[in-house]
Amino acid sequence: NAGVMQNPRHLVRRRGQEARLRCSPMKGHSHVYWYRQLPEEGLKFMVYLQKENIIDESGMPKERFSAEFPKEGPSILRIQQVVRGDSAAYFCASSPVDRDQETQYFGPGTRLLVL
Amino acid sequence: TQLLEQSPQFLSIQEGENLTVYCNSSSVFSSLQWYRQEPGEGPVLLVTVVTGGEVKKLKRLTFQFGDARKDSSLHITAAQPGDTGLYLCAGATHSLQGGSQGNLIFGKGTKLSVKP
């Protein structure tokens with residue numbers, strides 16, 4: 001069984017560009033979560049999505065960041081007009097439908113570097 | 001604000017030694033998960049504990065959830081170099097409506113180094 005897949009694994013952007021991070025959950029999982037890990041910091045929750053719905057975006061910065069999980073295709077975390085402070089590892093996790101929702105399985109992450 | 005404090009922050013031991021790492025909070029969690037993360041990779045789930053007082057064993061790893069569901073410990077017996085990594089605990093909470101909040105609260109981790 002394939003695990004959570006994320007791409008790209010590494011992404012370099014210049015200040016002002018857009019970054020798009022993709023996440024395909026594990027088969028049979030319809031809950032997706034995005035976390036950010038800054039150097040020497042713990043993982044911080046950003047957003048929780050189900051298919052076509054944002055359930056909780058309390059951890060998302062108010063500006064420049066958006067997330068979606070369409071009916072078909074991967075979940076996308078979009079960062080517009082990136083700044084150096086956006087450099088971090090971004091992890092996606094997924095959990096099953098209506099069962100053991102609290103156990104989350106993580107992908108390998110996308111390391112974003114903003115020059 | 002809910003916080004999970006992990007200790008120690010760093011631990012360097014020799015192969016064959018035993019160790020315990022701790023995860024503490026003033027908040028109650030409906031479940032707690034332990035992960036191990038290696039450099040450049042995502043966290044890999046080790047165990048989920050749900051019931052206060054629960055003990056789970058995974059080969060040489062023993063996980064315990066505190067009776068009050070505010071703290072947890074991970075004990076490794078006869079550590080091996082392959083155990084080296086960052087150990088993270090993460091707590092889940094329930095919403096007022098009774099369902100899971102969705103987001104996990106993570107500690108900063110314990111960085112373990114096991115020398116041969």
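Chain A is the first sequence line, chain B the second, and so forth, proteins listed ahead of strands; every chain is numbered from 1.
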Is it the case that one hydrophobic cluster holds both [X] and [Y], taking links as side-chain heavy atoms less than 4.5 Å apart, direct or via other members?
| X | Y | answer |
| --- | --- | --- |
| Val47(B) | Phe65(B) | yes |
| Phe91(A) | Met46(A) | no |
| Leu45(B) | Phe106(B) | yes |
| Ile76(A) | Leu49(A) | no |
| Phe106(A) | Leu11(A) | no |

Requested in this report: Check each atom of Gln6(A) against the heavy atoms of chain B and say whether the ones under 4.5 Å are side chain, backbone, both or neither.
Outcome: neither
Taking atom [atom1] as the centre, does [X] end up with more than 12 heavy-atom neighbours from other residues, nucleotides or ligands that are less than 6.0 angstrom away?
| X | atom1 | value |
| --- | --- | --- |
| Lys57(B) | NZ | no |
| Glu41(A) | CD | yes |
| Gln9(B) | CD | no |
| Met5(A) | CE | no |

Query raised in the report: Pairs in or reaching into residues 25-80 of chain A: which pass disulfide bond (SG atoms under 2.5 Å apart), with residues at least two apart or in two chains?
Result: none
Quick check for you: to the nearest 0.5 Å, what is the distance between [X] atom [atom1] and [Y] atom [atom2]?
| X | Y | atom1 | atom2 | result |
| --- | --- | --- | --- | --- |
| Asn103(B) | Gln104(A) | CG | CD | 8.0 Å |
| Leu104(B) | Phe45(A) | CG | CZ | 9.0 Å |
| Ile105(B) | Lys44(A) | CD1 | NZ | 8.5 Å |

Query raised in the report: Gly42(A), Pro108(A), Ala89(A): which one forms the most heavy-atom pairs within less than 4.5 Å of chain B?
Result: Pro108(A)
Report task. State which residues pass side chain to side chain donor-acceptor pair (under 3.5 Å) with Arg60(B); sequence neighbours excluded, sorted by chain then number. Result -> Asp83(B)
Query - Interface residues of residues 108-116 of chain B facing chain A - heavy atom cut-off under 4.5 Å - result: Lys108(B), Lys111(B)
Query - Interface residues of residues 37-44 of chain B facing chain A - heavy atom cut-off under 4.5 Å - result: Gln37(B), Gly40(B), Glu41(B), Gly42(B), Pro43(B)
Query raised in the report: For Tyr35(B) and Tyr35(A), what are the C-alpha separation, side-chain angles and deciding distance, and is it a ring pair (Phe, Tyr, Trp, His ring centres under 6.0 Å)?
Result: CA-CA 14 Å; Tyr35(B) 294 86; Tyr35(A) 293 82; 9.0 Å; no
